[in-house]
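Notes to accompany the following structure.
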Number of protein chains: 2
Amino acid sequence: MKVTIKDIAQKLNINFSSVSRALNNKPGVSDETRRLVVKTAKEMGYRPNVIARGLVSRTTKTIGVIIPDIINPLFGEITTGIIETANLSDYDVFLCISNWDCDKEKDYINAVQQKQVDGMIVKSVCNENASLLESAVVPVIGLESWTANNKFSSVSTDNIKGGYLAGKHLIDCGYRKAAIFSGPENSSASQFRRQGFINAFREQELHFDDTKFCVGEYDIESGYNLAKQLLEEHPDTDSIFANNDVIALGILQYLEEKGIKPGKDIGVIGFDNIRMAGLPQIQLTTVKQPKHSLGRIMVNLLLDEIKNHSDKNQHYPQRILLEPELIVRGTTSKQS
Amino acid sequence: MKVTIKDIAQKLNINFSSVSRALNNKPGVSDETRRLVVKTAKEMGYRPNVIARGLVSRTTKTIGVIIPDIINPLFGEITTGIIETANLSDYDVFLCISNWDCDKEKDYINAVQQKQVDGMIVKSVCNENASLLESAVVPVIGLESWTANNKFSSVSTDNIKGGYLAGKHLIDCGYRKAAIFSGPENSSASQFRRQGFINAFREQELHFDDTKFCVGEYDIESGYNLAKQLLEEHPDTDSIFANNDVIALGILQYLEEKGIKPGKDIGVIGFDNIRMAGLPQIQLTTVKQPKHSLGRIMVNLLLDEIKNHSDKNQHYPQRILLEPELIVRGTTSKQS
DNA sequence: TTGAAAGCGCTAACAC
DNA sequence: GTGTTAGCGCTTTCAA
């Protein structure tokens with residue numbers, strides 16, 4: 001059976017509030033009693049019911065994390081950063097996987113609040129839930145979800161800059177007929193990456209052919225299918241900017257099957273720098289996101305907002321942008 | 001502010017227990033009142049405090065999941081199976097990442113119980129925590145943690161059979177001088193895989209050279225380093241059984257650097273069948289674990305034990321073994 | 001220093 | 001059908 005402070009009190013023939021005081025290092029108990037209580041608690045295998053404690057304190061030391069997919073190593077690493085950082089402050093994490101489903105995301109946003117999380121971190125996959133997030137009763141940090149009049153803070157890699165780095169690199173290599181394989185159209189990350197990419201072309205007074213902007217999903221199949229379709233329709237394409245590494249992996253798969261050599265016959269650059277991008281068999285040029293830092297910074301920001309949640313007037317939504325970094329590998333190279 | 005049933009009751013000038021009855025579809029309220037309550041609750045944005053509810057019911061509809069690493073896609077897929085299945089029964093998941101650290105695992109085991117989880121799923125990384133798990137106040141399901149006199153149920157792939165499939169396949173291909181790259185020595189999974197592998201050799205009256213049993217970690221670096229070391233010391237080695245795909249990836253990395261062709265110059269077989277094993281650039285022969293099913297079955301077993309947790313005497317620890325499957329790809333081939 | 005009592009938000013047993 | 005009350009395990013205020 002679970003042992004409670006009442007059990008301890010009964011055994012020691014004292015009042016249970018003394019037990020509470022002793023166990024929580026609060027003043028108002030003699031050293032003698034405290035010692036005895038602590039000892040007995042240990043002997044009886046007492047574990048405080050933090051849920052009940054939370055009912056009183058109105059906090060649960062728990063945050064909700066809602067992400068679309070944990071198999072994509074990008075989110076795996078971000079989540080690791082989140083959990084590790086949260087643990088440092090004794091917070092635990094409810095992990096929710098929306099599977100890119102709007103309704104499921106909505107259900108989760110409600111569910112974690114019912115479970116009285118102290119705050120949440122959300123990588124939202126659709127704008128429809130924005131108002132739900134804005135009306136949340138606890139602080140919210142968005143991952144890549146900044147919009148013009150955001151009501152909550154957001155953290156992301158500087159996607160415009162990341163897109164720019166990708167575009168600039170392709171141009172520097174001598175590629176001129178680039179394509180973009182985007183994630184879903186409503187993904188702000190993809191929009192920013194596209195924007196930065198095209199900026200790089202404009203800056204050099206080069207033209208980006210909009211018919212080579214291809215919209216898909218953030219998965220391997222999408223990369224494979226888009227590559228097939230694009231190269232059949234536009235065989236003149238000399239390079240592709242995949243909006244994430246997983247899409248790029250799909251592209252490489254198609255190229256491999258067709259015997260087209262990335263880096264030689266065509267340039268391919270991804271985004272994220274997931275670990276397998278660096279495998280010698282892959283050697284994908286990409287734009288690195290500081291994944292662990294994203295998680296860490298989101299948690300720190302969130303905990304800070306939780307701490308100051310009472311004086312709401314003092315709180316303005318922040319937008320934090322982390323630096324992307326170009327990682328050059330074998331799938332791009334100087335064109336003669 | 002958060003709205004409670006008392007707020008609703010006050011507004012409607014009725015007793016708060018009527019509100020509770022109405023909201024929970026319990027008998028004892030007029031349809032009229034019920035309608036009114038439900039309507040008002042919605043208007044006021046009421047969200048039940050499931051924590052408080054749990055204090056009464058003594059359940060939290062939450063399970064704790066403790067795994068060593070979420071970036072390894074193996075655990076990513078298992079965790080996805082866990083969360084999806086748990087959600088079907090309205091359970092949420094505390095995700096904890098032990099990072100292969102015994103102490104951290106111990107802390108987590110205590111922490112989730114303090115948070116009053118209804119049960120937990122643990123992939124334990126060390127035997128020292130066995131007693132802690134056995135004395136848990138809630139049902140526990142182990143992932144790959146069966147020992148002779150287990151006190152809790154355990155689910156895993158049939159690792160002996162998996163190891164056997166790997167060994168048999170290498171033999172069938174004509175490899176005779178195999179090596180094993182194992183995970184940590186205390187990993188029961190690795191022990192079973194080794195055992196099955198060697199069984200296959202014995203069965204054919206072939207000898208496995210024990211000096212080619214190499215112990216490392218379950219990561220890329222380990223695969224790389226062991227490959228380097230082994231092939232320098234035992235250049236006659238003709239094949240390697242990596243105890244997971246990530247180790248195998250490290251092996252392939254080393255071979256690539258040395259210009260040694262897997263499947264041609266040397267056979268390599270992994271374990272797990274993570275997604276990237278199937279990439280055309282990798283084409284790793286491996287033994288597939290039913291990852292999503294592992295997660296699903298563990299949750300179903302756990303929920304079942306939670307339901308019958310009261311009549312303890314009726315409960316025997318089960319051991320469930322799922323079937324592995326050989327996936328032949330390019331890194332092994334028939335030797336002439 | 002200790003005990004008694006109220007209350008966190010909710011459910012459930014009992015009385016009316 | 002509705003209100004009252006106790007209690008889940010805990011913290012905290014107020015008396016003693």
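The basis for the numbers below is simple: all heavy atoms, side chains too, and nothing from hydrogens, waters or symmetry mates. Chain letters run A, B, ... following the sequence lines, proteins first and then strands; every chain starts at 1.
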Could I get a table of every N or O pair under 3.5 Å where one atom is in the protein and the other is in nucleotides 12-16 of chain C?
{"unit_1": "C:dA12", "atom_1": "OP2", "unit_2": "B:K26", "atom_2": "NZ", "d": "2.6"}
{"unit_1": "C:dA13", "atom_1": "N6", "unit_2": "B:R21", "atom_2": "NH1", "d": "3.3"}

Worksheet item: So, is B:K6 close to the C:dG7 phosphate, meaning a side-chain N or O under 4.0 Å from OP1 or OP2?
Response: no
Worksheet, complete the sentence: Computed from five pairs at either end and rounded to 10 degrees, the angle between the axes of the helix from C:dT1-D:dA16 to C:dC16-D:dG1 is 50°
Worksheet item: Are B:E144 and B:S154 close enough that some pair of their side-chain heavy atoms sits under 4.5 Å apart?
Response: no
Practice prompt. Determine, step by step, whether A:D69 and A:N99 satisfy the side chain to side chain contact (heavy atoms under 4.5 Å, CB included) criterion, reporting the C-alpha distance in whole Å, the side-chain angles of both residues, the deciding distance to 0.1 Å, and the verdict.
Written response: CA-CA 5 Å; A:D69 169 18; A:N99 201 23; 5.8 Å; no
Worksheet item: Does A:D101 use its side chain to pair, donor to acceptor, with the backbone of A:K104 at less than 3.5 Å?
Response: yes
Item to complete: Quick one: do A:Y91 and A:T60 satisfy side chain to side chain donor-acceptor pair (under 3.5 Å)? Show the steps, please.
Response: CA-CA 8 Å; A:Y91 274 77; A:T60 53; over 6 Å; no
Worksheet entry | Ion pair B:K61/B:D92, N-O distance below 4.0 Å | no
Discussion item. Side chain to side chain donor-acceptor pair (under 3.5 Å), that's the test. Do A:T62 and B:K115 meet it? Break it down for me.
Written reply: CA-CA 9 Å; A:T62 300; B:K115 292 236 170 155; 2.8 Å; yes
Worksheet item: Within a radius of less than 6.0 Å around NZ of A:K39, do more than 12 heavy atoms belonging to other residues, nucleotides or ligands occur?
Response: no
Worksheet, complete the sentence: Rounded to whole Å, the NZ-P distance (B:K2 to C:dG9) equals 9 Å
Item to complete: Please state how far atom CD1 in A:I51 lies from atom P in C:dC10, giving the value in whole angstrom units.
Response: 14 Å
Practice prompt. With sequence neighbours left out, write down each residue that passes ring pair (Phe, Tyr, Trp, His ring centres under 6.0 Å) with A:F94, or none if nothing qualifies.
Written response: B:F94
Worksheet entry | A:T85 versus A:R296, closest heavy-atom pair with distance | OG1-CA, 3.3 Å
Worksheet item: Taking for each residue the nucleotide of DNA chain D with the nearest heavy atom, is it A:Y46 or B:I14 whose nucleotide lies nearer the 5' end?
Response: B:I14
Worksheet item: For DNA chain D, which nucleotides open and close the run of contacts to chain B, 5' to 3', at under 4.0 angstrom from a non-hydrogen atom?
Response: D:dG1 to D:dG9
Worksheet item: Is any side-chain N or O of B:R53 closer than 4.0 Å to OP1 or OP2 of C:dT11?
Response: yes
Worksheet item: Which atoms form the tightest heavy-atom contact between B:N129 and B:C102, and what is the distance?
Response: ND2-O, 3.3 Å
Worksheet item: Below 4.0 angstrom from OP1 or OP2 of C:dT11, is there any side-chain N or O of B:S57?
Response: no
Practice prompt. Calculate the interatomic distance between B:L55 atom CG and C:dG7 atom P; express it in whole Å.
Written response: 17 Å
Discussion item. Name the residue from B:E305, B:Q318, B:R319 that meets the side-chain hydrogen bond (donor to acceptor under 3.5 Å, both in side chains) definition with B:S153.
Written reply: B:E305
Worksheet entry | Any residue of residues 28-37 of chain A with a heavy atom less than 4.0 Å from an atom of DNA chain C | A:G28, A:V29, A:S30, A:T33
Discussion item. Once ring pair (Phe, Tyr, Trp, His ring centres under 6.0 Å) is applied, do any residues pair with B:F75, and if so which ones, sequence neighbours excluded?
Written reply: none
Practice prompt. Could you verify whether a donor N or O on one side chain and an acceptor N or O on the other, from A:S30 and A:T33, lie under 3.5 Å apart?
Written response: yes
Worksheet item: What does A:P48 touch in the nucleic acid at a heavy-atom separation under 4.0 angstrom: a base, only the sugar-phosphate, or nothing?
Response: sugar-phosphate
